[in-house]
Amino acid sequence: MFSKALLKWMPGLQNLLAYDKSWLKADVRAGLSVAAVALPVAIAYAELANVGAIVGLYSCVLPMIAYALFGSSRQLIVGPDATTCAVIAAVVTPLAAGNSEIQWQLTIIMTLIMGGWCILASKFRLGALADLLSQPILTGLLNGVAVTIMVGQVAKILGIQINANQLIEKMMAIPLQIMDSHLPTLGMSALTLLLLIIIKKFRSQWPAPLIAIIVATALAWGFSLQQYGVETIGSSGFDSGLPVVHWGSFQPGLIRELVIPALNLALISFVSLMLTARSFAAKNGYDIEADAEFRALGIANIMSGLSQGFAISGADSRTAVNDANGGKSQLVSIIAALVIGLVVIFFTQPLQYIPVSALGVVLVYAAWSLMDLKGIWNLRRRNRQAFSLAIFTFVCVLLIGVIQGIGLAVLLGLLQFLRTVFRPTEQLLGVNEDGMIHSLGNTNTIKAVPGVMMYRFNSPLTYFNVAYFKRRILNLVDSTPFQPRWVVIDAVASFTYADISVLASIDELKRDLKIRQVKLVLAGRRTELTRWFKDNRPAMKEEDILLVPDLYLALKLIQSKESAHNPEEQ
């Protein structure tokens, strides 16, 4: 019925076609639970992105169905995410200059561009970019975003007006205006927080955000709290029915301002999605394909943009709800999407009574789960370099914003990586009593082979580190207490491709060692090295450099040559 090429593009559909009917009960239960959690969170994140509440629901329906068909994870739930919404707000809000229609337009355009970047990355098999944002960078980023979100919601929770735009200015303004808090709004916030805490403590399996929002909405509607100054979604410009964005006022020139930020957003969203997808795939005993996930994320975001939604990513909290309720397949996403779709079609009217302060509390509650300052501090004992990178990212996000902070953190991470490649670790090797090769210095039983210096350079050799490689070997030869007659290099770790500069430097190393009456042996990758030297150094004599398959054969060859040269020692 479906071609193999189509099923290759749609691993989720392939999984659904092999659906086990015994999963249905668990999937329905998980789907309803996911919808219950996703509904209030999507509305709250729409407020965070500075678009209408209904846009958060638009961002759930088609994207969840699209991922169910194109994604390779069976548990992952996609949807609005705190980090992506914070990035969108940081980029789009200054461009919109207070115009809500332009804000919505630019949010849709940025989402579509992000989806295009993801599909392009999948086409070029760039799934490995999931590793570009290292764990320390992501930890610092999430903590910075969490603080940014929480500070940004304080004004809504207290019912005050803060005119500052930047985080630090907001933090300085809050203590000065806290005494001006609007008491009815503050009371609604306190009630919402109290409900969240009580449900979390005594009925943790219940959808706490949904219950808290329902109670707050019922109170706002039943007691007409708007007349007491409690701001609701409706009073902040929510239209009943199904709002549609109008493109007559769109300014195409603004698109150029979104291209690079959309690329950054695609990278952040993909890394976040992959971390969640990989962890739940490992827990449930299956593998996921990075390039397929990139494509699925791109298609889901294009579906979100076409349905007037905003950028989405992997939602770790909703994925955890899915897994905790025994969800077995992506039918969970489809069920949750259909439930949310019914709310969009038939129940938009009650949304206008949701208190803005209650949504602010839900956002702070969600952002608190992103906070892991203890995790950053624990890095201090385990890995000081990772700790420094996490702190740097955290501080950058707080001081200069999400996009710029991420850019600087990625740059610092790349510089640290380049430093590792420029000046990698190294080992001198020896053998134990059983003749097994190990690093010298690990134990007293590892001894150097007389007359032989075995060396391992723990990085691929390329034009910018080969001079250091050559210098280290010559320095070690000159400083070794015994004068080696052979230098054996572990070629597996360092000779990964035919770099002309590397091959030329090997010629120079061979010459300098020959002056010292030392022979050079390259152990490992014999076939590739033979071909590379033949193509690039056709005049090189075979006895100039010995090429052997591995270190053990190198030692045997040296032993046989030494024996042949000194027959009286036998």
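Quick note: residue numbers are just sequence positions, from 1. Atoms considered below: every heavy atom in the structure, side chains included; atoms not considered: hydrogens, waters and symmetry mates.
- Distance alone, capped at 3.5 Å, is enough to place a donor-acceptor pair between the W117 side chain and the V259 backbone.
- With contacts defined as side-chain heavy-atom distances shorter than 4.5 Å, the pair T84/I268 does not qualify.
- When each of V147, L389, L399 is tested with F394 by the rule side chain to side chain contact (heavy atoms under 4.5 Å, CB included), just one qualifies, namely V147.
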Intermediate values then yes/no, side-chain contact (heavy atoms from CB on, under 4.5 Å), N50 and V92: CA-CA 9 Å; N50 291 326; V92 171; over 6 Å; no
Residue pair L24, L331: steps toward the side-chain contact (heavy atoms from CB on, under 4.5 Å) verdict: CA-CA 8 Å; L24 184 59; L331 183 61; 3.7 Å; yes
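- Using a 4.5 Å cut-off on side-chain heavy atoms (C-beta onward), K156 and L359 make no contact.
- Side-chain atoms of Q75 come within 3.5 Å of backbone N or O of G327 as a donor-acceptor pair.
- Within a 6.0 Å radius of CG in D287, no more than 12 heavy atoms belonging to other residues, nucleotides or ligands are found.
- When side chains are defined from C-beta on, I88 does not count as touching V51, because their heavy atoms never get closer than 4.5 Å.
- Between the side chains of Y365 and Q153, not a single donor N or O lies within less than 3.5 Å of an accepting N or O.
- Under the 3.5 Å distance criterion, the side-chain polar atoms of S59 are matched with a main-chain donor or acceptor of V55.
- One distance of note links CD1 of I376 with CE of M371; it measures 8.0 Å at 0.5 Å rounding.
- A distance of 5.0 Å separates CE in M64 from CD1 in I77, rounded to the nearest 0.5 Å.
- Checked by atom type and distance alone, the side chain of S72 pairs as donor or acceptor with a backbone atom of E289 at under 3.5 Å.
- Using a 4.5 Å cut-off on side-chain heavy atoms (C-beta onward), L16 and S329 make contact.
- A donor-acceptor pair under 3.5 Å links the side-chain atoms of N143 to the main chain of T139, judged by distance alone.
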Side-chain donor-acceptor distances from residues 191-218 under 3.5 Å, at least two apart:
from	atom 1	to	atom 2	distance (Å)
T192	OG1	M188	O	2.9
T217	OG1	I213	O	2.7

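- The salt bridge (charged side-chain N to carboxylate O under 4.0 Å, His left out) check on D291 picks up R125, with sequence neighbours excluded.
- Side-chain atoms of D27 never come within 3.5 Å of backbone atoms of Q330 as a donor-acceptor pair (strictly under, hydrogens ignored).
- Annotation: side chain of I137 is not in contact with side chain of V271 (no heavy-atom distance under 4.5 Å).
- Using modelled atom types, one side-chain atom of S304 and one backbone atom of F310 make a donor-acceptor pair closer than 3.5 Å.
- Applying the side-chain hydrogen bond (donor to acceptor under 3.5 Å, both in side chains) definition to pairs two or more places apart or across chains, those involving residues 310-325 are S33-N325, K283-D323, N284-D323.
- At most 12 heavy atoms of other shown residues, nucleotides or ligands fall within 6.0 angstrom of atom CE in M171.
- Identified under the side-chain hydrogen bond (donor to acceptor under 3.5 Å, both in side chains) test for residues 254-277, with sequence neighbours left out: none.
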Audit row: E231, T185, side-chain contact (heavy atoms from CB on, under 4.5 Å) steps and yes/no: CA-CA 8 Å; E231 185 181 7; T185 299; over 6 Å; no
Show me the donor-acceptor pairs within less than 3.5 Å that the side chains of residues 94-113 make with the rest of the protein, sequence neighbours left out.
from	atom 1	to	atom 2	distance (Å)
N99	OD1	E101	N	3.0
N99	OD1	I102	N	3.1
E101	OE2	H246	N	2.6
Q103	NE2	A49	O	3.2
Q103	NE2	T93	OG1	3.2
W104	NE1	Q308	O	2.9
Q105	NE2	H246	O	2.5
Q105	NE2	S249	OG	3.3
T107	OG1	Q103	O	2.7
T111	OG1	T107	O	2.8
T111	OG1	A311	N	2.9

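- The environment of OH in Y286 is crowded: more than 12 heavy-atom neighbours from other residues, nucleotides or ligands sit within 6.0 Å.
- Sorted by first and then second residue, the ring pair (Phe, Tyr, Trp, His ring centres under 6.0 Å) pairs involving residues 16-47 (not counting sequence neighbours) are Y19-W23.
- Under the 3.5 Å distance criterion, with hydrogens and angles disregarded, no donor-acceptor pair is assigned to the side chains of T232 and Q352.
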